[in-house]
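Naming: A, B, ... by sequence-line order, numbering from 1 per chain.
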There are 2 protein chains.
Amino acid sequence: MTEPSGRRERKKAATRQKIADTALRLFLERGYDAVGIRDVAAEADVAVTTLFSHFASKEALVFDQDENFERRLTRAVTDRPPHEPLIPALRREILALLRHCASEAAAPIWRMIDGSPALREYEKSMMTRHAESLAAAIAADLGLPRPTTACRTIARFTVDAYSLAREAADPETALDEIFRMVEAAWEVARPDTASRAFAHHGSGAQDVG
Amino acid sequence: MTEPSGRRERKKAATRQKIADTALRLFLERGYDAVGIRDVAAEADVAVTTLFSHFASKEALVFDQDENFERRLTRAVTDRPPHEPLIPALRREILALLRHCASEAAAPIWRMIDGSPALREYEKSMMTRHAESLAAAIAADLGLPRPTTACRTIARFTVDAYSLAREAADPETALDEIFRMVEAAWEVARPDTASRAFAHHGSGAQDVG
DNA sequence: TCCTAAACGCTAACCGTTAGTGCTACGGTC
DNA sequence: GACCGTAGCACTAACGGTTAGCGTTTAGGA
């Protein structure tokens, strides 16, 4: 019951990988909607229940490899060069993600995702989940114990930037424009320099400017 | 085949209303997840197929009355007082929506929504859909033929504000903070006055109470 | 060696949703 | 008032994703 080290882990990982590979292959061959869970399970030579013990849903079969998405976002904050400001670091990472998805060998996969409403929905809710991790990373970067509203907001805006840029005709130009807006939003909210903008919070009085 | 005026329409509306009422009652009595579509249909004395001819999904049964949500957002733009700036008008409307959801007789409904992941997801994707209408309304307000990236971004940020404020411990204070950020984002992006960077309007433009 | 537990399998269902089909009643027209 | 097109609704049956219940194998540790 200590560490499940060794062969068992490898077998499990192999099964998982076989399922994911099979699923992706079938989806690309016949289309996402035309392939059923039972098809994937049969082709991967596992039971349906086994498939669902590795993946929470049919959509998760597609976004398996993109779990590192979250990692990349948080690392863009934590592992950036010492004096690089926060927002440019995020912008750089989003740009890299955009390019990774747009070109590369991943093109047919993203065509498939764009072609299925269920997958698009899933990706969006995935991004929103990741925004919460990003908010935590930003808060930690600022030395805050817990994410503030401003952290959560900037995190949400950042994943919006990804989502909006991906839908734009010219993603990279759109990203520039959106991040100018994100930067401006951050400038009025960041705790270290916000003192000149507002000095009160928590009490009833609210005001702008 | 002209206008289906009269009794038929009324009967249809009555059936729809009966289904919605029954569904809401059962959901509140037993919990959303504990009530099946077949239960609702039986209790409303209609066939399952009839239910689905009135409502696109189970979640839509809950958000039936909130179709005006989209209308309210776009009208906050189109029907605002002549010289009121865009962002404060949006802020005012979001505040009204927050209050409408938080207090009022709607409290148990929102408790139910918050208690069901499926419903929370549905609400979020609904808001994202509404963001696109809002973007169109903003574009029209500026005399643009089609929504630009900036319009879409501000629209998205606006519905984010609603979503983030609703999750916050103190929604109204959070909304103030978020809208300060939205305002800043808009200032650097708005096409007509992008040059005069910041114009603070300090006097009490927002109504409280 | 034996014991525990994880991984896997099978069956059988549950649940939301849809297709196919047909009946009924309403509304407009002659 | 009789006629007809069509909208609303019902019923059966299924599809596809997902899960529960329960049994079987197999690896790892005692």
When you get a sec, tell me which of [options] is the closest nucleotide to the side chain of [X]?
X	options	answer
S53(B)	dC9(D), dT17(C), dG9(C)	dC9(D)
R38(A)	dG16(D), dC8(C), dG16(C)	dG16(D)
F52(A)	dG17(D), dG9(C), dC11(D)	dG17(D)

Phosphate OP1/OP2 of [N] contacted by [X] side-chain N/O (<4.0 Å):
X	N	answer
K58(A)	dG16(D)	no
K11(B)	dC26(C)	yes
H54(B)	dC9(D)	yes

May I have the distance from [X] (atom [atom1]) to [N] (atom [atom2]), rounded to whole angstrom?
X	N	atom1	atom2	result
K12(A)	dT25(D)	NZ	P	21 Å
F55(B)	dG16(C)	CZ	P	15 Å
L119(B)	dG16(C)	CG	P	12 Å
L51(A)	dT18(D)	CG	P	9 Å
I37(A)	dG9(C)	CD1	P	15 Å
R10(A)	dG28(D)	CZ	C1'	13 Å
L26(A)	dG17(D)	CG	C1'	16 Å
E59(B)	dT17(C)	CD	C1'	11 Å

Open item on the list: A cation-pi test, strictly: NZ or CZ of K58(A) under 6.0 Å from the centre of the six-membered ring of Y32(A) and no more than 45 degrees from its axis. Yes or no?
Closed with: yes
Classify the nucleic acid contact of [X] as base, sugar-phosphate or nothing, counting any heavy atom under 4.0 Å across all strands shown.
X	answer
D33(B)	nothing
V48(A)	base
V40(A)	nothing
D39(B)	nothing

Donor-acceptor pair, [X] side chain versus [Y] backbone, under 3.5 Å?
X	Y	value
R72(B)	F69(B)	no
T158(A)	I154(A)	yes
S125(B)	Y122(B)	yes
R152(A)	P147(A)	yes

- [ ] Take the angle between the ring planes of F157(B) and F157(A) and call it parallel below 30°, perpendicular above 60°, tilted in between.
- [x] parallel
Task: Pair listing, salt bridge (charged side-chain N to carboxylate O under 4.0 Å, His left out) test, anchored in residues 33-56 of chain B, at least two apart - done: R25(B)-E43(B)
TODO: For the helix from dT1(C)-dA30(D) to dC30(C)-dG1(D), measure the angle between the helix axis at one end and the axis at the other, each built from five pairs, rounding to 10°.
DONE: 10°
TODO: Find the distance between CG (L51(A)) and CG (L61(A)) and round it off to the nearest 0.5 Å.
DONE: 5.5 Å
Task: Ionic contact status for R92(A) with E84(A), cut-off 4.0 Å - done: yes
Task: Side-chain ion pair, K124(A) and E167(A), N-O less than 4.0 Å - done: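 Result for this pair is yes, salt bridge flagged.
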If you restrict it to nitrogen or oxygen atoms, what contacts under 3.5 Å exist between nucleotides 19-23 of chain C and the protein, and what is each distance?
none

